[in-house]
Structure formats: structure tokens, C-alpha cells
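Worksheet: one structure, shown below.
Keep in mind that this is a model prediction, so the values were computed, not measured. Lettering follows sequence order; numbering is per chain, from 1.
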Amino acid sequence: MTNETTTDIHRDSQDKIIEITGLHKWFGELHVLQDINLTVYKGERIVICGPSGSGKSTLIRCINRLEEHQKGRIIVDGTELSNNIKNIEKIRAEVGMVFQHFNLFPHLSILENLTLGPIWVRKTPQKEAEETAMFYLEKVHIAEQALKYPGQLSGGQQQRVAIARSLCMKPKIMLFDEPTSALDPEMVKEVLDVMINLAEDGMTMLVVSHEMGFAKSVAHRVLFVDYGKIVEENTPHQFFDNPQHDRTKLFLSQILH
Amino acid sequence: MNRELQKKSFLNRILPWLKENLFNGVFNSIITIVLLFALYKIIPPFIKWAFVDSLWRSTAAACREGNGACWSVITANLRFIIFGFYPYDLQWRPLLAMILLVGLLLYSKNRNHWNKTLFYGWIAGLFFMGLLMKGGILGLAPVESDKWGGLPLTMMLAFFGMIAAYPLGVVLALGRRSKMPAIKTFSVLYIELIRGVPLISLLFMSSILFPLFLPEGLTINKIIRAQMAIILFTAAYIAEVVRGGLQAIAKGQYEAADSLGLSFPQKMRLIILPQALKIVIPPSVGILISAFKDTSLVVIIALYDLLKTSKSTLSNPDWMGYSPEVYLFVAAIYFISCFAMSNYSRKLEKELH
């Protein structure tokens, strides 16, 4: 993994996969997202960082409508997010999401966790769904645990299962909401390795994370979000070595010591 | 030699146990002795009354002579207690219906049997039970529902009460958490209104008030009306219990289901309800058990359920005064049913864990 540049992705307008324009969101009085504009191209990998409470998680949660926005437009893969429930379900099927706390379904086995979406949303035949599930479980190096239940796995294993669960839907975009912050330190690497593999396969990824090593090695762009605004946006190389804004500098000095 | 050793080791085990559990300290020793004395006063006379001096298949006159329990009151009136006013010659029909119901219930206990075939089996079984009770076709003499009574009636009210109230309760619980104001308001109003009145008043309303609102000439069977009251009443309680279960499910589960693109019904059926309903098995069974016992309240609208037929037996001058025997018998039937339910719920809970 070298510092890739943005040259390997097309930035033609037909390659736009997410278009966010003039996005605002309020939690009651709190203005959590303020005029966010962001365009993501196919195959692009973006790492979003920022202090806690800055709105970075809320931003990616808006993309699959886990949070409702009040102003502005979000267009995902050509479909605009609105109150139309069919559109929302369609977008959610195309957008995979990995949560901080894994959120596996504890009453279903690992295999059932993985086949649920394909069977019920994509209407894939069960056998085919199981084959796909086993393929992705192999990919995250956990196939031997297929018949266990989530509670029997370690945090790192659960998070890898969660990634595989999203991949089984064959998503066009993957969102990661602080995927490693709830893990014990020794498990962080196994999850990041899986994410790096995914990046190598060319997946479009938006990752909220403070794993700067990961950002340096796989991201095309790093966004710094603070007080609900995108303060700085740059290639990882520029972002880490030559931050432009004082707030970015302060933030980097705090997390990099 | 060997035997003596065994005896000794037995004593060696039992004596420390007694000392530790029954006689550790003055106060506990006193309690033990008092309780032992009380048991001595109660148990032997009861056994003597119920089994030694008792009469099982005698005439009423013979009972008056004896000192023990007169179980004859039950054996002599068993068919009336169990079947009420159902025509004597046709009582094999409700008996067969009950056997069918119990058989299906027992077969359904095993979760491995839960599949489509069993579902159709239930549909066919329920249809057949209804046919047996009501008759009128296939050469079965018709029996009007005002002749139904006793155990079949109790079982019917309880069984349909539970089966219909549970899904209705789940729907109400979901409605109460709905974001749509009309649905939410309706659910809240329904639950609070029903929970605010006693079952007896609902039964009265269903039997006296409700028919006043029906158009001239249209009547709805009294049993069905009582059944409706029981279902509506139980559902409100189930709803609140299920709502508690829904609230116990972490937000992350809803979000994970959403993020896969599952629709609302899929999310509820596949992810949320299986987890929530498992949590609320103990309180739900509590409600179902009390619903089962509450069916005995239908006496007040003159339905002859098991309790009422038993009471009627006692108003026969020959058998007057043997209420302990009759009530013990009825209590035993209720107890066996309720105990089976709570036992099964514990087993189910363990299996699902």
C-alpha cells in the first residue's frame, strides 16, 4: 500500500455516486450539520475525522437516512433521498453500513445474519445467499464460525462479521461509523486489514475514523469536520503533512501527540 | 457390617443437613418445631378424610353416613360438570373435540414440529372441533350454542382468548409506538380505556349494552360476545407487556435492520419481535394464565362454564353440602392447566436462550 493519489478514479460527472448539496440538519436547537457540500465518485475512499460531537457520524448516517436531514439535497446513485419510503429502502439496499457497536442480530446465527438481507431484500434463493455468505466469511477469515451466534465471538470477529453482512448485499457504497473505536487494541488490526482488502477491491468507502495510519494508506481524501462544517478537505499526504487550518493542526496534534 | 456402615454414613449425612438447614439457632429451631406440629395437625387428618374414609362411587345417602370425603358427588355428576347441558347422548362429540385440542396442543409443544403442515393441521383441527360442537351437517345432529357448557366452553374461551389476544396485543403495542398520530392515539386510548375497567363490566357491556346498538333482528351469539370481551380485555394487557419488550431492544438493532434495507414489517417480524417477545415470555404467560382463570367470570352473564356447572351440581338437594370436594376437583383442573402453561413457558424460555 502506497500513498495512492486521486488519479486512479474518474471524476467525470457520470461517475458521481453521492452528491450532497447545501445539507443542513438540526437536533432540536442544535445545528449539527451546516451547509455540507460533498461529492463522492465511484471507487473513492474518504476518511472523515473530527472531534467528538462534530457531526461526522451524523453526516454519514444521513446518507442512508438513519438520520433525516431538514434542508439540502442528498442524491445517492441517482436516487434522491426524500420521505419516499421506497426510495429510502432502495438506497439502503445499495449502501452498506458498519456500526461502532457491530449491531449483529443476537438471535440469529452468523450465517443467518449474513443471509437475512439478501433473502428478504434482494429475494436471493437461500442456497445462493448461503454460498455468497460463505464467500464473504472466507474473505474476512471467519468461515469456521458460521454456525455460531454473535455472542460467542470476540469484538473483532463480530465487527468482521458485520462487514461481511453488509458485503453480502453487494453494496455500491460502504459506510463505516467508527468501526474500530469499540474494539480492544489488539483487535483493531484484524478489522483494519479487512477494510484495506476491501479498499483494494475498489469499493467506494466513507469511513468515520481516527485511525490515521488507515487514512494515510487507503484514503483518496481526508475530511476534517468540526462544529457541523467541513473545515478542511485534502489528500492524506497534504492533510497530515501540511494542514491548512489552525483547528486541523490542533486536532492533529491532539490525536497524534 | 456393610449395612451398618451404610446406615451410619446415611445418618452422618442427614444429621448435619438437619442441623444446618432446620435447627441452626434457637429461633429457627422453634419455627421448625412449630411448623412440624402444624403439618402433623393438618396432613394426617386430610389424608384420612380424602383417601381413607372417603367414598368414591356411592349414593348420596351413603355419603351422609360416612365421615370422609364424598368424591361420589363428582363421579355421579361428572358428565354434567364436564359437559353441562350438552345433550347426554351426544357428549362424545365435545369429548372428542377436547381430545383433539389437547392432542394438537401437546404435539405443538415441540418446536421442531412448527411448520406449515402443523399450521394446516390446526386449521383443519379447529374446523373439525367446531363441526363436532355445533353439528348440523354430515348426519351430526345440530346442537345450539346455548347448550354448550362445562369444560369445553372454558377451554374454548381460554384458548381462543389467548390465540386472538396475543397478536392483537402485539399490533396495539406497535401502534402505541407508531409515529403516526392517529394510530398512536387510538392505541393509547384503547389500552388505557380497557385497562381502566374490570373484565366483569366488559362482560356486562357485551351481553347487555352491546345488543342495544345492533339493528333490529340481528343478534350475535352470547358466547361470541363473551369471547370478544375476553379477547379485547386480554389484548390490552398483552400490549403493555410487549411494549416493554420492544423498548428493551437496543436502537442499534433497529438501525442495523434499517441499514440492510428491510421494510418495516420485515424488520419487526425478523429482527425486533423475535427478540422482544422472548424477553416478555414470563410476564406474557402471567397474563395468559390469569386470562384463563378469568374465563370463570362468564358465569355472571349466565354462561355455564366449568365453575358454573360445578356449582349447579351443589344446588341439587341430594348433593348439597359437598362443596369442598367439588371445588377441590375444579381447582385441580384449573391448576393442572395453569401449571402446564407455566412449565411450558419455562421450557420455551430455556430453549430460546
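- Taking chain B as the reference chain and counting heavy-atom pairs below 4.5 Å, the highest number among A:Gly96, A:Pro171, A:Ala93, A:Pro106 is found for A:Pro106.
- Within the structure, the side-chain hydrogen bond (donor to acceptor under 3.5 Å, both in side chains) test picks out the following pairs touching residues 281-293 of chain B (sequence neighbours left out): B:Tyr166-B:Ser284.
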Side-chain donor/acceptor pairs under 3.5 Å, residues 118-125 of chain B, sequence neighbours excluded:
residue	atom	partner	partner atom	Å
B:Trp122	NE1	B:Ser108	OG	3.0

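- Counting heavy atoms of neighbouring residues, nucleotides and ligands inside a 6.0 Å radius, atom CE of B:Met228 does not exceed 12 of them.
- Of the atoms belonging to A:Leu104, it is backbone heavy atoms, and not side-chain ones, that fall under 4.5 Å from chain B.
- Within a 6.0 Å sphere centred on OH of B:Tyr344, heavy atoms belonging to other residues, nucleotides or ligands number more than 12.
- From A:Leu108, atom CG reaches atom CG of B:Leu270 across 8.0 Å, with rounding to the nearest 0.5 Å.
- Identified under the salt bridge (charged side-chain N to carboxylate O under 4.0 Å, His left out) test for residues 224-237 of chain B, with sequence neighbours left out: none.
- Looking at A:Phe99, the atoms closer than 4.5 Å to chain B (heavy atoms on both sides) all sit in the side chain, from C-beta outward.
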Check chain B against chain A and list any donor-acceptor pairs under 3.5 Å.
residue	atom	partner	partner atom	Å
B:Gly252	O	A:Asn103	ND2	3.2
B:Gln253	NE2	A:Leu104	O	2.8
B:Glu255	OE1	A:Arg61	NH1	3.0
B:Glu255	OE2	A:Arg61	NH1	3.3
B:Glu255	OE2	A:Arg61	NH2	2.6
B:Gln266	NE2	A:Trp120	O	3.1
B:Leu270	O	A:His107	NE2	2.8
B:Gln275	NE2	A:His107	ND1	3.4

